[in-house]
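A short worksheet on the structure shown next.
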Number of protein chains: 2
Amino acid sequence: MARRASAATPVALLPTDGDAVAVVAKFFRALGDPTRLRLLEFLLHEEHTVTECVAHVGLAQGRVSTHLSCLADCGYVQVRRSGRHAFYRVADPRVAQLVLLAHALAANNHTALCACHRIPEPEAADARVA
Amino acid sequence: MARRASAATPVALLPTDGDAVAVVAKFFRALGDPTRLRLLEFLLHEEHTVTECVAHVGLAQGRVSTHLSCLADCGYVQVRRSGRHAFYRVADPRVAQLVLLAHALAANNHTALCACHRIPEPEAADARVA
DNA sequence: TTGACCTATCCGCTTAGCCGGATACTGTGA
DNA sequence: TCACAGTATCCGGCTAAGCGGATAGGTCAA
């Protein structure tokens with residue numbers, strides 16, 4: 001390890017290199033779910049209640065609540081509680097930057113079929129017998 | 001599935017917002033696996049063969065090869081073939097930018113426990129009976 | 001030509017993690 | 001106080017996706 005030492009990363013506050021990879025992977029995974037990503041983008045511009053988020057993504061309320069809690073745990077969004085309402089919004093402007101960057105990269109490779117049908121390769125003929 | 005029909009779009013800017021979310025989520029998911037992220041960071045600085053990557057991550061050769069193919073499909077890395085060797089490396093400088101940004105955000109929330117133990121809540125004491 | 005090496009793909013197996021529905025908890029208004 | 005709205009958590013079920021091992025295909029050296 002320790003090859004990162006000379007990388008001149010301005011950011012390097014990472015405790016242990018190996019650990020950081022695991023943590024960052026979890027961060028990416030949090031955005032790897034379409035529902036959570038949709039919620040995050042919904043909360044980029046302004047704060048919304050859980051109910052509003054439920055209406056936006058069209059899933060069960062409990063599920064949406066859990067997704068929002070997950071995003072909050074990861075530090076992507078912030079919660080503000082007022083009465084029986086919970087208002088979620090994106091806390092850090094770098095989140096928007098991250099999402100925009102990913103959009104740009106994804107747009108470039110949109111034709112390239114993108115992700116991981118290589119990994120499981122389930123379809124191709126889909127003889128789903130059910 | 002069948003929304004692949006939009007593949008004829010100029011690709012530059014997000015075709016449909018809903019579709020873009022799914023694509024971007026897949027992109028994030030590709031980086032959401034610790035093994036792939038470790039490989040990607042390994043390939044940020046210089047190109048490496050599959051065998052070198054296998055040594056780096058310590059997993060089965062076939063698995064590593066598949067992960068690399070996945071990263072290549074997603075456009076994160078580029079392949080250069082020479083003889084019986086395949087050299088992988090990061091193609092787009094924005095990839096490094098994306099990873100650095102995520103590291104910075106993850107470092108900030110590193111203490112916040114991060115990802116999704118809210119979602120499945122598996123561990124806590126690891127009473128894996130095997 | 002033959003054998004060793006490198007890489008890619010296929011095959012079950014196993015786990016992570018998303019989903020809906022039910023339910024508990026809390027705060028507000030009547 | 002009661003009824004209800006808003007939110008969070010729990011539960012069983014199901015699919016996605018990672019893993020190792022086996023194997024196939026192609027390339028170089030002797």
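Letters A, B, ... are given to chains in the order of the sequence lines, protein chains preceding strands, and every chain is numbered from 1.
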**OP:** Give the B/S/- string for nucleotides 21-30 of chain D, one per nucleotide from 5' to 3', where a protein heavy atom under 4.0 Å of the base yields B, of only the sugar-phosphate yields S, and otherwise -.
**Re:** ------BB--
Original post:
Looking at D:dT9, C:dC19, C:dT9, which one has an atom nearest to any side-chain atom of B:S69?
Top reply: C:dT9
**OP:** Could you tell me whether A:T51 contacts a base, only the sugar-phosphate backbone, or nothing, with contacts defined as non-hydrogen atoms closer than 4.0 Å?
**Re:** sugar-phosphate
Original post:
Once you round it to whole Å, what is the distance between P of D:dG18 and CG of B:L37?
Top reply: 13 Å
Subject >> Euclidean distance, atom NE2 of residue A:H85 to atom P of D:dA8 [Å, nearest integer] >> reply: 12 Å
Subject >> Rounded distance (Å) that lies between atom P of D:dG6 and atom NE2 of A:H48 >> reply: 16 Å
Original post:
When you measure from the side chain of B:R29, which nucleotide among C:dG20, D:dA16, C:dA8 comes out closest?
Top reply: D:dA16
**OP:** Go through the structure and list residues passing ring pair (Phe, Tyr, Trp, His ring centres under 6.0 Å) with A:Y88, not counting sequence neighbours.
**Re:** none
**OP:** Let me know the distance between CG of B:L68 and P of C:dC6, rounded to the nearest Å.
**Re:** 15 Å
Subject >> A:V50 side-chain proximity, nearest of D:dT7, D:dT9, D:dG20 >> reply: D:dT7
**OP:** Quick one: label A:Y88 by what it contacts on the DNA or RNA (base, sugar-phosphate, nothing), any heavy atom closer than 4.0 Å.
**Re:** sugar-phosphate
Original post:
To the nearest Å, how far apart are A:R80 CZ and D:dT7 C1'?
Top reply: 15 Å
Subject >> Test item: B:T66 side-chain N/O and B:G62 main-chain N/O as donor-acceptor pair under 3.5 Å >> reply: yes
Original post:
Is any side-chain N of the basic residue among B:R80 and B:E47 closer than 4.0 Å to the acidic one's carboxylate O?
Top reply: yes
Original post:
Within the pair A:T35 and C:dC19, is there a side-chain N or O less than 4.0 Å away from OP1 or OP2?
Top reply: yes
Subject >> Whole angstrom value for the distance that separates P of D:dA8 from CZ of A:R81 >> reply: 5 Å
Subject >> Rounded distance (Å) that lies between atom C1' of C:dA8 and atom CG of B:D73 >> reply: 12 Å
Subject >> Given C:dC18, D:dT7, C:dC6, the nucleotide with the shortest approach to the side chain of A:D33 >> reply: C:dC18
**OP:** Determine whether A:V54 and A:L59 make a side-chain contact, defined as any pair of heavy atoms from C-beta on separated by less than 4.5 Å.
**Re:** no
Original post:
Quick one: B:F28 CZ to C:dG17 P, roughly how many Å, whole number?
Top reply: 17 Å
Original post:
Less than 6.0 Å separating the ring centroids of A:H48 and A:F42?
Top reply: yes
Original post:
Which value, rounded to the nearest 0.5 Å, describes the distance between A:C70 atom SG and A:R29 atom CZ?
Top reply: 11.0 Å
Original post:
Hey, which of these two, B:S65 or A:L59, hits DNA chain C nearer its 5' end, going by closest nucleotide?
Top reply: B:S65
Original post:
When you look at B:E41 and B:H103, which way does the side-chain hydrogen bond (donor to acceptor under 3.5 Å, both in side chains) test go after all the steps?
Top reply: CA-CA 11 Å; B:E41 297 194 354; B:H103 268 282; 2.6 Å; yes
**OP:** Between C:dA8, C:dC18, D:dT9, spot the one nearest the side chain of A:H67, thanks.
**Re:** C:dC18
